[in-house]
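For clarity, every value in this text was computed on a predicted model and none was experimentally measured.
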Amino acid sequence: WDERWHARLREVCGFILEFGRLPKRFQLDTHEEVLSQWLQGQKRAWNNGILSEKRLALLREAHTLLAERIAKWEVVGYHPRAKFIRRPWNDHLREVLTFIAQAGRLPTRRGTEQEVRSAYWLKE
């Protein structure tokens with residue numbers, strides 16, 4: 001299983017390098033669809049608390065787009081071992097307003113972990 005997981009990660013990275021984006025679902029290209037489903041499987045594993053820290057780190061380190069996707073998973077509010085628990089909307093809003101008050105600008109996806117979370121939340 002471990003080698004298959006690493007091989008699929010390499011395929012996803014190859015796709016990103018070739019197309020400059022993550023694979024999308026519901027594509028006519030069946031290989032892209034397979035890669036997209038694999039990423040969805042990683043998200044499900046993370047949601048259920050069964051994606052190991054090692055694999056999570058490998059995903060983050062493999063490419064910046066993968067790291068950004070994981071940050072987006074975290075913004076949505078799912079939490080390992082606590083399936084489908086979302087942070088309250090007001091908590092996200094308070095975090096964004098605090099950032100704006102301190103930084104004098106909207107959060108971006110290129111800052112601290114908290115700033116990235118806030119930027120993704122605003123985008124949603």
Side-chain angles (χ1 to χ4, degrees):
W1 286 106
D2 206 41
E3 182 50 41
R4 287 177 57 189
W5 189 91
H6 287 280
R8 190 65 80 190
L9 178 59
R10 285 190 298 273
E11 287 181 61
V12 168
C13 289
F15 181 92
I16 294 169
L17 291 173
E18 184 175 349
F19 296 101
R21 63 176 173 79
L22 294 173
K24 296 178 183 178
R25 293 187 63 200
F26 309 113
Q27 299 301 305
L28 294 176
D29 177 358
T30 55
H31 185 66
E32 180 176 2
E33 177 70 20
V34 166
L35 297 178
S36 173
Q37 289 176 4
W38 183 82
L39 282 175
Q40 285 295 107
Q42 302 314 299
K43 180 182 179 184
R44 273 191 306 279
W46 181 80
N47 285 341
N48 293 326
I50 58 174
L51 183 65
S52 71
E53 288 298 318
K54 178 183 176 184
R55 285 187 175 179
L56 186 62
L58 288 169
L59 284 167
R60 279 193 174 113
E61 295 164 6
H63 196 279
T64 56
L65 291 179
L66 288 170
E68 288 174 2
R69 177 56 54 97
I70 292 167
K72 187 174 180 180
W73 296 349
E74 294 167 343
V75 166
V76 172
Y78 294 118
H79 188 274
R81 303 191 198 296
K83 190 174 182 182
F84 303 117
I85 293 176
R86 292 181 177 266
R87 286 181 55 204
W89 190 89
N90 286 335
D91 288 354
H92 285 290
L93 178 61
R94 190 172 17 264
E95 189 174 275
V96 169
L97 293 175
T98 300
F99 178 85
I100 293 169
Q102 293 172 348
R105 62 178 173 79
L106 290 173
T108 67
R109 293 184 289 167
R110 304 244 183 265
T112 64
E113 185 176 324
Q114 179 182 352
E115 182 178 357
V116 170
R117 264 197 325 267
S118 293
Y120 274 112
W121 182 78
L122 281 174
K123 185 178 176 188
E124 293 294 312

Answer whether the closest heavy-atom distance between the side chains of Glu53 and Leu58 falls below 4.5 Å.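 Side chain of Glu53 against side chain of Leu58, heavy atoms only: no contact under 4.5 Å found.
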
Do His31 and Glu11 have side chains that get closer than 4.5 Å, going by heavy atoms?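 Yes, side chains in contact.
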
As a quick check of understanding, evaluate side chain to side chain contact (heavy atoms under 4.5 Å, CB included) for His92 and Arg117, giving each step before the final call. CA-CA 9 Å; His92 285 290; Arg117 264 197 325 267; 5.9 Å; no

Shortest non-hydrogen contact from Glu68 to Arg109?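 Looks like OE1-NH1, 4.4 Å.
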
Hphob cluster co-occupancy, [X] + [Y], side-chain heavy atoms under 4.5 angstrom:
| X | Y | answer |
| --- | --- | --- |
| Val34 | Leu59 | no |
| Phe99 | Leu93 | no |
| Tyr120 | Ile100 | yes |

Is the shortest distance from a Lys or Arg side-chain nitrogen in Arg8 or Glu3 to a carboxylate oxygen in the other one below 4.0 Å?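 Judged by the 4.0 Å cut-off on N to carboxylate O distance, Arg8 and Glu3 do not form a salt bridge.
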
[atom1]-[atom2] distance between [X] and [Y], expressed to the nearest 0.5 angstrom:
| X | Y | atom1 | atom2 | value |
| --- | --- | --- | --- | --- |
| Lys43 | Leu51 | NZ | CG | 13.0 Å |
| Leu65 | Cys13 | CG | SG | 9.5 Å |
| Gln37 | Arg25 | CD | CZ | 7.0 Å |
| Leu122 | Glu95 | CG | CD | 10.0 Å |
| Glu115 | Gln102 | CD | CD | 11.0 Å |
| Ile50 | Gln42 | CD1 | CD | 9.5 Å |

Would the distance check show the side chain of Ser36 and the main-chain N or O of Glu32 forming a donor-acceptor pair, the cut-off being under 3.5 Å?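 No; zero donor-acceptor contacts below 3.5 Å.
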
Verdict with supporting geometry, Leu39 and Leu66, side chain to side chain contact (heavy atoms under 4.5 Å, CB included): CA-CA 9 Å; Leu39 282 175; Leu66 288 170; 3.7 Å; yes

So with a 6.0 Å cut-off around CZ of Arg21, is the heavy-atom count from everything else above 12?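 Yes, the 6.0 Å shell around CZ holds more than 12 heavy atoms from other groups.
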
Geometric class of the Trp38/Trp5 ring pair [parallel <30°, tilted 30-60°, perpendicular >60°]: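 Trp5 vs Trp38 ring planes: tilted.
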
When Ser118 is tested against each of Leu97, Thr108, Leu106, Val96 for side chain to side chain contact (heavy atoms under 4.5 Å, CB included), which residue passes?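 For Ser118, the side chain to side chain contact (heavy atoms under 4.5 Å, CB included) test succeeds with only one of Leu97, Thr108, Leu106, Val96, which is Val96.
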
